[in-house]
Amino acid sequence: MIDARREAVIIRDGATFKDKTAEISRYEVQAGSGTVQIVFKPGSKPYPYGPQRVRILRATAPVRLDAGARVEVAGAVWESATEIVTFVGPPGEGAWSRIFYRRAGGEAYRTYPAAQVRVLASATQGRAAAEVLRYFRAIVARLPADDPLKLAYDKLGFVHPDSALGAFLAGAPIEQRDRSAPPIFPFRCNLSQRAAVENGLTRSVSVIEGPPGTGKTETILNLIANIIAGEGKTVGVVSFSNTAVDNVRDKLDELGFGHVIANLGRKEKCEEFFAGQAVRNARVGAVVKSAPPMPDLDLLARLDQRLTQLQHAERARAELRQELDAHRLELRHFERHLPQEHLPDLTGLPLLRRSAERIVEYLAESEVEHGGVRPGLLGRVRKYFKYGSLRGLDAGDTNVVLRLQRAYYDKKIAELEDQLRRTEDELRRADFDRLAAEHQGLAVQVLSAHLGTRYRGSRTLYQQDTYRRGDTFAKFLRDYPVVLSTCHSLRNGIPEGHLLDYLIIDEASQVNLPVAALAMSMCRNLIVVGDQKQLPPIPFDESADLAPPAPAYDCRKYSILSSLGEGHGEGLPRALLREHYRCDPAIIGFCNKKFYDGDLIPYTTPGVQRPMIVVRTVEGNHMRRHTGGGRSNQREVDVIALEVVREHCLGAADADISVITPYRIQADKVGIAIDGVDADTVHKYQGRQKKVVVLSTVLDETWPGQTGLRFVDDPQMVNVAVSRAVRRFVLVTNHDLLPRSRHIRDLVGYISYHDPDHEVVTSTVISVFDLLYSAFSARLRPLAARLRNKLKYPSEDIIYTVLQDILAEQRYAHLAVCSHVLLKNLLADTNRLTQAQAAFVGNRASIDFVVYNRITNLPLLAVEVDGFAFHENNPAQLARDALKDEILRTYQLPLLRLPTTGSDEERRIRQALDAADVRPAQ
């Protein structure tokens with residue numbers, strides 16, 4: 001018998017040697033002729049082979065694989081390999097490697113040219129990498145037993161040394177390479193996106209900083225197009241949630257390239273993907289038939305060069321618009337404080353015919369001279385040629401200075417208008433929009449031609465349980481070079497040890513390090529897309545007492561986006577997407593000034609009047625803290641429902657309006673109060689947008705309210721909230737406008753500055769319970785004067801007074817009210833009560849107020865006053881309230897509950913009285 005670990009019999013078939021040893025029982029070399037007699041199976045007839053067709057090789061270097069090593073064969077990693085035996089062939093024919101591996105029923109082996117085989121040591125063999133991964137594992141081990149990260153880390157044993165994770169764990173330097181082909185841009189592109197694509201294609205790690213509305217998705221799509229067409233490689237796209245990945249899928253579908261995608265995310269998406277193969281394959285056949293020929297690449301290159309030049313002009317136009325709007329706004333403020341008629345007339349002064357820059361230079365020089373530094377003769381001559389004659393100009397007169405400042409604004413605005421006009425003429429003459437469309441069309445044609453070639457031939461139907469096996473997965477990736485998933489799920493869709501060429505992590509500011517590590521273990525090159533000025537991931541509390549091996553790996557402090565910045569510093573290739581396409585310029589202007597150092601360039605133009613509005617509640621402390629955690633502000637809910645949606649939302653459809661808030665309880669209250677309008681937390685709204693966005697801050701000026709400022713006034717929270725709005729942003733906050741805040745206070749100040757002709761809107765929504773606060777609305781003072789202060793609780797005394805006022809009107813003259821009526825007195829019998837209800841009634845249960853017909857003495861309406869602490873924030877009392885509600889429904893007596901956190905009580909009481917059934921309770 002042949003000893004497979006010592007000998008290999010290689011039979012030449014044409015020009016190729018093939019390993020036949022697995023089928024050979026024995027062989028014998030005949031002396032003289034050199035003929036090899038081979039017996040393939042015991043007892044079978046020997047087959048003779050000429051010596052030129054057979055090579056008998058001896059083993060030279062067996063390698064036993066330990067747990068930290070794997071074998072890679074032609075790019076595929078064998079997880080079950082146990083040993084490699086190398087056989088050296090004749091000179092010029094190279095060596096062969098035989099790989100032994102475990103399989104069901106025992107051991108097997110296969111033989112390959114040694115050039116296709118290599119032994120891989122796990123990246124965690126290095127001490128630094130091992131320590132980082134050990135730190136991640138320690139955190140994951142503390143997670144709940146059902147957390148999906150635990151199972152994923154149990155399976156993460158081997159880290160491919162060529163993977164992005166291996167480089168990240170070891171802190172390896174970023175590698176640079178040349179492009180394989182000029183980039184194409186089948187999707188919208190601008191100067192910033194070009195730089196981002198260039199970095200992604202030429203660096204092993206790169207970052208795309210994508211502030212809101214700057215075209216992150218289009219940049220990702222252009223990267224994908226270049227990876228699968230120009231380079232013919234594979235790419236995975238993952239994110240913290242499915243939303244961002246779905247955007248990529250939808251836009252590829254829109255352009256007709258959805259067939260390149262394998263959606264291997266959660267189980268339902270996988271099942272949908274595999275179930276749709278037949279329909280998708282039929283569509284691919286039609287796409288291939290209609291695929292265009294490869295266009296003239298020289299023409300595309302010339303168009304690309306010309307378009308790049310014009311994109312500089314396009315950016316200049318946007319910057320000029322931005323600067324012009326800023327100067328016009330400054331002039332509005334200048335004129336509000338210093339009307340034109342109050343300034344001296346300097347007609348004929350040569351300086352006023354100079355440029356705006358000259359006027360500013362003169363003002364600066366005159367300020368220095370006013371401080372006592374006088375120019376000599378040469379200085380005066382220089383000033384004459386620079387500014388013209390200044391005879392009679394008193395630079396020490398404040399009004400003269402103000403007149404020159406006004407002249408500066410007039411000049412500067414005129415100059416900017418002229419520059420803008422000339423830039424727009426340049427773009428118009430070049431037919432910029434047509435050129436951009438032609439350029440994009442040719443890029444689409446290039447991509448279509450590449451894919452037409454790729455998809456010629458028959459299509460395979462893959463099975464969900466077998467597509468990852470053996471050579472099938474390589475074929476699968478040829479058909480589906482773009483893999484969509486979540487960070488958690490990517491490893492489940494790809495065979496162990498296989499590496500995608502590229503991985504794009506979207507929404508990276510929300511992806512924590514242990515989760516990112518899982519996805520990075522499956523790729524060679526990494527492109528991270530996100531925005532550090534938006535919300536970070538929820539920190540791992542489990543890591544609080546664990547020290548990271550190095551600062552960049554701190555799981556409580558960093559996302560994958562910020563970790564790369566900390567680890568690589570200035571060496572990290574970054575591209576900031578500067579061109580903004582989403583929000584009204586005034587809306588993104590706040591975020592730009594506050595959070596992005598003015599680096600963003602709005603390409604949008606002003607839309608509606610008052611794109612930003614502040615609405616404040618009336619005086620009073622309206623916030624409540626809930627026992628189970630969280631906060632709410634019913635007054636802000638009422639203001640939004642009764643005023644903001646009706647008066648300040650541009651008449652937009654409900655589907656175009658969103659109310660966001662830092663607190664889940666507040667969002668739920670808004671959702672209950674306003675049907676059809678989307679309400680959610682700011683955290684849940686990252687990555688989304690609406691035509692109109694309303695932000696409810698919830699907090700008030702009480703001490704408990706101040707304790708929430710750190711959370712609500714978080715700069716990343718404020719940035720996300722404001723930048724969700726496309727046309728209008730409405731801030732709903734407390735009466736004092738949160739003066740102790742920093743970022744919300746700046747937001748209020750920015751809105752006021754940007755809209756100098758309008759004041760902050762003060763809501764007219766009030767509650768009679770506002771009398772409970774020391775600073776109540778002036779409209780409630782007459783009611784306060786009539787309070788009798790005879791009832792136990794001030795809130796009940798207020799409602800009793802209101803009821804008396806209403807019932808004094810002629811239309812309600814037949815009605816009267818009693819306070820603290822025993823529930824038992826309202827029931828004709830107790831036969832309908834359950835045992836629990838009867839016990840409740842028998843325990844002196846009462847109704848705060850009962851309105852009754854004073855003619856028939858029959859009850860008409862029950863009224864309950866619900867204090868927050870005793871009712872909404874008290875689960876036991878809520879249960880008793882529910883029992884009382886059931887009893888009154890059983891006996892058909894209407895009940896009106898008036899929470900002390902509510903509003904508009906008079907209208908609600910009248911409405912309840914008018915709707916009440918005048919028949920006696922049954």
Side-chain angles (χ1 to χ4, degrees), residues 67-68 122-161 163-172 205 207 236 238-242 265-266 485-494 496-497 503 505-523 526 528 530 532 534-568 572 629 683 686 711 714 716:
S122 175
T124 55
Q125 296 295 307
R127 179 179 176 182
E131 287 182 353
V132 177
L133 188 58
R134 192 178 303 117
Y135 166 66
F136 290 170
R137 289 188 187 281
I139 294 170
V140 172
R142 298 180 175 186
L143 297 174
D146 59 347
D147 193 292
L149 273 183
K150 291 181 76 73
L151 179 60
Y153 267 80
D154 288 343
K155 295 180 179 180
L156 181 60
F158 174 81
V159 177
H160 199 298
S163 68
L165 177 59
F168 175 72
L169 296 177
V205 177
V207 164
V238 298
S239 70
F240 176 75
S241 66
N242 283 296
R266 63 175 185 263
S485 186
T486 61
C487 295
H488 288 80
S489 302
L490 183 64
R491 285 180 59 87
N492 297 332
I494 297 176
E496 178 72 26
L503 178 71
I505 302 180
D506 196 7
E507 294 182 335
S509 67
Q510 289 194 305
V511 178
N512 58 52
L513 296 181
V515 172
L518 294 176
M520 291 161 62
S521 70
M522 310 306 291
C523 72
L526 179 66
V528 173
Q532 294 191 64
Q534 296 197 51
L535 291 166
I538 298 173
F540 278 109
D541 291 334
E542 292 79 6
S543 66
D545 62 337
L546 296 174
Y553 303 105
D554 190 335
C555 289
R556 284 186 58 82
K557 189 174 182 181
Y558 294 118
S559 66
I560 181 58
L561 178 62
S562 53
S563 173
L564 290 172
E566 174 69 20
H568 292 285
L572 179 66
H683 286 81
Q686 181 154 304
F711 176 62
D714 177 82
Q716 293 158 316

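Quick note: residue numbers are just sequence positions, from 1.
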Inset, instruction - Could you check whether the rings of Tyr553 and Phe168 sit parallel, tilted or perpendicular, using 30° and 60° as the cut-offs? - result: perpendicular
Inset, instruction - Work out which heavy atom in Gly497 is nearest to a heavy atom in His160; give both atom names and the distance. - result: O-CD2, 3.4 Å
Legend entry - Chi angles and distances behind the side chain to side chain contact (heavy atoms under 4.5 Å, CB included) call for Tyr135, Asp554: CA-CA 9 Å; Tyr135 166 66; Asp554 190 335; 4.0 Å; yes
Inset, instruction - Could you tell me whether the side chain of Ser509 reaches within less than 4.5 Å of the side chain of Gln686, counting heavy atoms only? - result: yes
Legend entry - From Glu131 atom CD to Leu169 atom CG, the distance as rounded to the nearest 0.5 Å: 11.5 Å
Legend entry - Side chain proximity check, Pro536 to Ser559, heavy atoms < 4.5 angstrom: no
Legend entry - Greater than 12 external heavy atoms within 6.0 Å of Lys557's NZ: no
Legend entry - Heavy-atom pair of closest approach, residues Ala552 and Ser563: O-OG, 2.6 Å
Legend entry - Distance-minimising heavy-atom pair for Leu490 and Ala519: CD2-O, 3.8 Å
Inset, instruction - Evaluate the side-chain proximity of Phe158 to Thr124: yes if any heavy-atom separation is below 4.5 Å, no if none is. - result: no
Inset, instruction - Output the distance between atom CG (Leu535) and atom NE2 (His683), rounded to the nearest 0.5 Å. - result: 4.5 Å
Inset, instruction - Could you tell me whether a side-chain N or O of Ser122 sits under 3.5 Å from a main-chain N or O of Val159, the two making a donor and an acceptor? - result: yes
Legend entry - Close side-chain approach of Leu546 and Arg142, heavy atoms under 4.5 Å: yes
Inset, instruction - Indicate whether the side chain of Ser521 and that of Arg491 have a donor and an acceptor atom separated by less than 3.5 Å. - result: yes
Inset, instruction - For Ala123 and Gly166, work out which heavy atoms get closest and say how close. - result: CB-CA, 3.6 Å
Legend entry - Glu496 CD to Leu156 CG distance, which is reported to the nearest 0.5 Å: 7.5 Å
Legend entry - Reported CG-to-CE distance for the pair Leu526 and Met520, which is rounded to 0.5 angstrom: 5.5 Å
Legend entry - Nearest-0.5 Å distance that lies between atom CG in Asn492 and atom CZ in Arg266: 14.0 Å
Legend entry - Of Leu518, Leu513, Asn512, the residue whose pairing with Val515 passes side chain to side chain contact (heavy atoms under 4.5 Å, CB included): Asn512
Legend entry - Contact summary for Glu566 and Pro551, nearest pair of heavy atoms: OE2-CB, 4.1 Å
Inset, instruction - State, yes or no, whether a side-chain contact exists between Ser485 and Val238 at a heavy-atom distance under 4.5 Å. - result: yes
Inset, instruction - Report the distance from atom CD of Glu507 to atom OG1 of Thr486, rounding to the nearest 0.5 Å. - result: 11.5 Å
Inset, instruction - Might you point out which heavy atoms bring Ala517 and Tyr153 nearest each other, and give the distance in Å? - result: CB-OH, 3.6 Å
